[in-house]
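Heads up: the structure comes next, in structure tokens.
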Amino acid sequence: MAVKRLLLRSAGGVVALAVLVSGYLWLHGDFRRWDDAAKLDAACDGLLDPAVMREVLGDGEVGVREWDGTAHHVRCEVVVDGGGKADVRVADETAIGVAGFEPFLGGRERGLAVPVGNGWSGLFGADSGDEDETEGVTTAFTLHCTAGEAKTIMVTLRAELFDERPVDDPANRPAYTRIAEATARKVSEVRGCEAELGDKVRSVPLPVREDEYEPLDEADGTCAGIEPLRGVRTVLETARDGAPYERCRLLDADRLRRYGLEASFGTYAQSFFRGNRASYEDDLPTGRVPAHHRARDESVSWTTAKCPEGTALFTLVAYGRHDDKTSALVSGDLAQERAALKIFAERSAESHGCRPPKAP
């Protein structure tokens, strides 16, 4: 009888322990889910969409890192265990340079960022490592506000997805833009921006790699219409499609840059005018001179145009060294350069609804 009571007590103890363990695990899991939801709700001043964060990054445990900032520049990083990482920045035009924020120009020099398209003013670019492995993908949207305190709000997302979703696969690329798109929509609503938003991003081009050059006379994007220049054989270009920042590279026979053409609109141009862009070592346009054609001892020519979002800037940079007599910096034909900048600026300005640029 004593043995039977002992067995019953033992059995009862095992059941009680099992109930306690299962209860603990249930409570622990429930608490984790509640804590993760609270973190996502609060991240980046509540400007993220938690449902989309989960959709893209998965249901793993959430970690959030916040940076001290202001309402003009908010930054946070969300890491989901086993899913991925999202570094999100939200900034208005007053944060440019002042708060350490610069508009996304396209990542490293290995390639060119492309327009997001789909009715957005935005860029899509990938960072590559030493062996051309993608280290991160950046999507940057510019919102032009029609109400609220800010004139412009920029949403920038650098995303890394831990599961195998290579950016080379067109079916995967929209996932890299999804968080930025959802954040832009929420920012416009929460900040009272009332921007004209684009459509859902269902497809986005692959960033242009540095080996995707083509003959100058076949250019049909940002380099289209440029007449032959001395030493130029091929170009590297993207489509336009509403991008706030455009580039065209003119290359020599060795595929080295001879000239670089850039178009900057809205806050991208303002960043340049404020002297916060380190793209050039000297000859930075300031906005006080509407057009300038370089002399032999200078490297940069520019022109400007009046646009719906303010003054746009169009630049031509001649590359090389002053001790290299074959470089564009020294041997370039200045008349050809003037014509190249003129056609580049005119076509870019027209695509953005701007007035004709000043003569460089």
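Just so it is clear, the model here is predicted, and its values are computed rather than measured.
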What's the verdict on side chain to side chain donor-acceptor pair (under 3.5 Å) for H352 and E309, showing C-alpha distance, side-chain angles and the deciding distance?
CA-CA 10 Å; H352 283 261; E309 291 82 37; 5.5 Å; no
Are the side chain of R321 and the backbone N or O of L329 linked by a donor-acceptor pair below 3.5 Å?
no
Please tabulate, for side-chain N and O atoms in residues 52-66, each donor-acceptor pair with protein atoms closer than 3.5 Å (sequence neighbours left out).
from	atom 1	to	atom 2	distance (Å)
R54	NH1	G58	O	3.0
R54	NH1	G60	O	2.7
R54	NH2	D36	OD2	3.3
R54	NH2	G60	O	3.4
E55	OE2	R178	NE	3.4
E66	OE2	C44	N	3.1

Checking the side chain of T304 only, and the main-chain atoms of P290 only, is there a donor and an acceptor separated by less than 3.5 Å?
yes
Would you confirm whether S331, through its side chain, and T326, through its main-chain N or O, come within 3.5 Å as a donor-acceptor pair?
yes
Side chains of Y176 and T138 in contact at under 4.5 Å (non-hydrogen atoms)
no
With under 30° as parallel and over 60° as perpendicular, where do the rings of F314 and F265 fit, or are they tilted in between?
perpendicular
Should R185 and E181 count as an ion pair when the cut-off is N to O under 4.0 Å?
yes
Is the closest side-chain donor-acceptor distance between H72 and E93 under 3.5 Å?
no
With a 6.0 Å cut-off (strictly less than), is the heavy-atom count around NZ of K186, excluding the residue itself, greater than 12?
yes
Whether D35 and K39 form a salt bridge (side-chain N of Lys/Arg under 4.0 Å from carboxylate O of Asp/Glu) is what I want to check.
yes
If I compare all heavy atoms of V204 with all of P174, which pair ends up nearest, and what's the gap?
CG1-N, 4.4 Å
Salt bridge between D254 and R233, side-chain N to carboxylate O under 4.0 Å?
no
By the salt bridge (Lys or Arg N to Asp or Glu O under 4.0 Å) test, which pairs, at least two apart or in different chains, include something from residues 337-346?
R294-E337, K342-E346
Cationic N near anionic O, under 4.0 Å, E160 to R158
yes
Please report the shortest heavy-atom distance between N118 and S203, naming the atom on each side.
ND2-O, 3.0 Å
A quick test of your reading: do over 12 heavy atoms of other residues, nucleotides or ligands sit less than 6.0 Å from CD of E212?
yes
Is there side-chain contact between R89 and W67, with at least one heavy-atom pair below 4.5 Å?
no
Quick check on R296: does its CZ atom have over 12 non-hydrogen neighbours (other residues, nucleotides or ligands) under 6.0 Å away?
yes
Looking at P308, is its backbone amide N or carbonyl O close enough to the side chain of H144 to form a donor-acceptor pair, meaning the two atoms are under 3.5 Å apart?
no
In terms of side-chain geometry, is the basic nitrogen of E246 or R240 positioned less than 4.0 Å from the acidic oxygen of its partner?
yes
Minimum heavy-atom distance A305-C354, with the two atoms named
CB-CB, 4.4 Å
Less than 3.5 Å apart, which donor and acceptor atoms pair up between the side chains of residues 148-157 and the rest of the protein, not counting sequence neighbours?
none

Shortest non-hydrogen separation from D252 to T234 and the atoms involved:
O-OG1, 4.3 Å
Which one of R257, E210, R258 satisfies the side-chain contact (heavy atoms from CB on, under 4.5 Å) criterion with L251?
R257
Stepwise, does the side chain to side chain donor-acceptor pair (under 3.5 Å) test hold for T146 with E196?
CA-CA 8 Å; T146 61; E196 183 177 346; over 6 Å; no
Give the minimum heavy-atom separation between S348 and A263, together with the two atoms involved.
OG-CB, 3.4 Å
Measure across T142 and P244 and return the closest heavy-atom pair with its distance rounded to 0.1 Å.
OG1-CG, 4.0 Å
Value for CZ (F162) from NZ (K85), rounded to nearest 0.5 Å, stands at 5.5 Å
